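Let me begin by presenting the structure, written as structure tokens, before commenting on it.
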Amino acid sequence: MARPFTDLRSAHQKIAARLRRQITRGDLRPGDQLPSTPSLMEEYSVAGTTVQKALQMLKEEQLLVGQPGRGVFVQGGTQRSIAPEVYMPPAGEGQPYRWISEADKRAQRGSVTLLEVETVRPPYEVRQALGLDDDGQALLRKQILFLDDEPTELTHSYYPLELAGGTAMMERRKIKGGTPTLLASLGYPPVSFVDEVSSEIPTEEEVVALELPKDMPVMMTFRVVHSNNERPIEVSLLAKAAHRYRMRYTVKVG
């Protein structure tokens, strides 16, 4: 028997949630016109001000746009799927970082902004994954990944100092082909990775970097990349806007 539970969100938040789901799942598509305010008032049994608050939330999320004299239209589309496995293999000789080459295959423009390169004491779960003691240090490379100039992912990637030391990874500059290519050249190719995905309240850094609207969660991925003999060579914390993207994993059974 189901336990009684009440949705304590305001009426406009509930309406926005329903409309958002229809947009992100493709039931309402870019260019579609929403019903008029009176129609939405009747459908949801609410006042006009409540409808307007709901629509304003979705406008701030860039899912809707108002056109004076015409109405409100869907501007955003379904969530974009990101398949992590396509980004893991090292880039071919002379090829760009896979984030850029994979975007090009989809007729998108991928780009990367490197924010920080620093030796740090990583967070607890990163130290655990890298096998570091409590005072252990690792190399942090922090970046923002863009698709068509839209901030897509804020990444904090940590690398063992015994692998990164003396390499271009320690320098504040981009690496041709990305760190997987460099690590592979050092004899540590990425062989497997484990993802743990969660939905979390964003930090101020994530709100600013990803240009998130108010009250929008982020999709967090905690990723551990292993090389031969299950040696961890990279641990990353990846933050994406939860309303814009979804993860796609392909699992072969048997």
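Predicted model, so just to flag it, every value in this text is computed and none were measured. Residue indices begin at 1 and follow the sequence shown.
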Open item on the list: Exactly one of Leu186, Leu182, Leu139, Ile233 should register a side chain to side chain contact (heavy atoms under 4.5 Å, CB included) with Leu163. Which one does?
Closed with: Ile233
Inter-residue atom distance [X].[atom1] - [Y].[atom2], 0.5 Å rounding:
X      : Y      : atom1 : atom2 : answer
Gln56  : Thr49  : CD    : OG1   : 13.5 Å
Ile100 : Leu145 : CD1   : CG    : 9.0 Å
Ser192 : Glu85  : OG    : CD    : 13.0 Å
Lys105 : Gln108 : NZ    : CD    : 13.0 Å
Arg29  : Gln22  : CZ    : CD    : 13.0 Å
Gln75  : Leu64  : CD    : CG    : 8.5 Å

Are [X] and [Y] in one and the same hydrophobic cluster, where Ile, Leu, Val, Met, Phe, Trp and Tyr link if side-chain heavy atoms are under 4.5 Å apart?
X      : Y      : value
Val46  : Leu55  : yes
Val120 : Val126 : yes
Ile175 : Val117 : yes
Leu115 : Leu140 : yes
Met216 : Met220 : no

Check whether [X] reaches the backbone of [Y] with its side chain - one donor and one acceptor, N or O, closer than 3.5 Å.
X      : Y      : result
Asp148 : Arg109 : yes
Gln13  : Ser10  : yes
Thr155 : Ser157 : no
Trp99  : Leu147 : no

Within 6.0 Å of [atom1] in [X], more than 12 heavy atoms from elsewhere:
X      : atom1 : result
Glu204 : CD    : no
Tyr249 : OH    : yes
Glu93  : CD    : no
Glu230 : CD    : no
Lys59  : NZ    : yes

Is there side-chain contact between [X] and [Y], with at least one heavy-atom pair below 4.5 Å?
X      : Y      : value
Val72  : Gln33  : no
Thr50  : Ile15  : yes
His226 : Phe193 : no
Phe222 : Leu237 : yes
Thr37  : Gln52  : yes
Glu205 : His156 : yes
Tyr158 : Leu130 : yes
Leu58  : Arg20  : yes

Nearest non-hydrogen partners of [X] and [Y], listed with the distance:
X      : Y      : result
Lys176 : Gly94  : CE-O, 3.6 Å
His243 : Pro213 : CE1-CD, 4.0 Å
Tyr245 : Glu150 : OH-OE1, 2.5 Å
Pro190 : Pro180 : CD-O, 4.1 Å
Val86  : Pro89  : O-CD, 3.8 Å
Lys174 : Leu114 : N-CD2, 4.1 Å

Task: Flag for Tyr159-Thr179: side-chain donor and acceptor within less than 3.5 Å - done: yes
TODO: Could you tell me whether the side chains of Glu42 and Ser39 share a donor-acceptor contact shorter than 3.5 Å?
DONE: no
Open item on the list: side chain to side chain donor-acceptor pair (under 3.5 Å), that's the test. Do Ser236 and Glu234 meet it? Break it down for me.
Closed with: CA-CA 6 Å; Ser236 292; Glu234 176 187 308; 2.9 Å; yes
Before accepting this row, confirm whether a basic side-chain N of the pair [X]/[Y] lies closer than 4.0 Å to the acidic partner's carboxylate O.
X      : Y      : result
Arg127 : Asp134 : yes
Arg25  : Asp27  : no
Lys214 : Glu60  : no
Arg223 : Asp195 : yes

Task: CA sep, side-chain torsions, deciding dist, call: Thr181, Tyr97, side-chain contact (heavy atoms from CB on, under 4.5 Å) - done: CA-CA 8 Å; Thr181 300; Tyr97 182 36; over 6 Å; no
TODO: Please report the C-alpha distance between Lys240 and Val218 in whole Å, then the side-chain angles of each, then the deciding distance to 0.1 Å, and finally whether the side-chain contact (heavy atoms from CB on, under 4.5 Å) criterion is met.
DONE: CA-CA 5 Å; Lys240 301 178 186 66; Val218 288; over 6 Å; no
What donor-acceptor contacts under 3.5 angstrom involve side-chain atoms of residues 196-203, with partners at least two apart or in another chain?
{"unit_1": "Ser198", "atom_1": "OG", "unit_2": "Glu200", "atom_2": "OE2", "d": "2.7"}
{"unit_1": "Thr203", "atom_1": "OG1", "unit_2": "Glu206", "atom_2": "N", "d": "3.3"}
{"unit_1": "Thr203", "atom_1": "OG1", "unit_2": "Glu206", "atom_2": "OE1", "d": "3.4"}

- [ ] Determine, stepwise, if the pair Arg21 / Thr24 fulfils side-chain contact (heavy atoms from CB on, under 4.5 Å).
- [x] CA-CA 5 Å; Arg21 183 64 59 84; Thr24 59; 4.3 Å; yes
- [ ] Determine, stepwise, if the pair Tyr44 / Arg18 fulfils side-chain contact (heavy atoms from CB on, under 4.5 Å).
- [x] CA-CA 11 Å; Tyr44 293 106; Arg18 289 192 190 183; 3.4 Å; yes
Open item on the list: Is the terminal nitrogen or CZ of Arg98 (NZ for Lys, CZ for Arg) located under 6.0 angstrom from the six-membered ring centre of Tyr87 and within 45° of that ring's axis?
Closed with: no
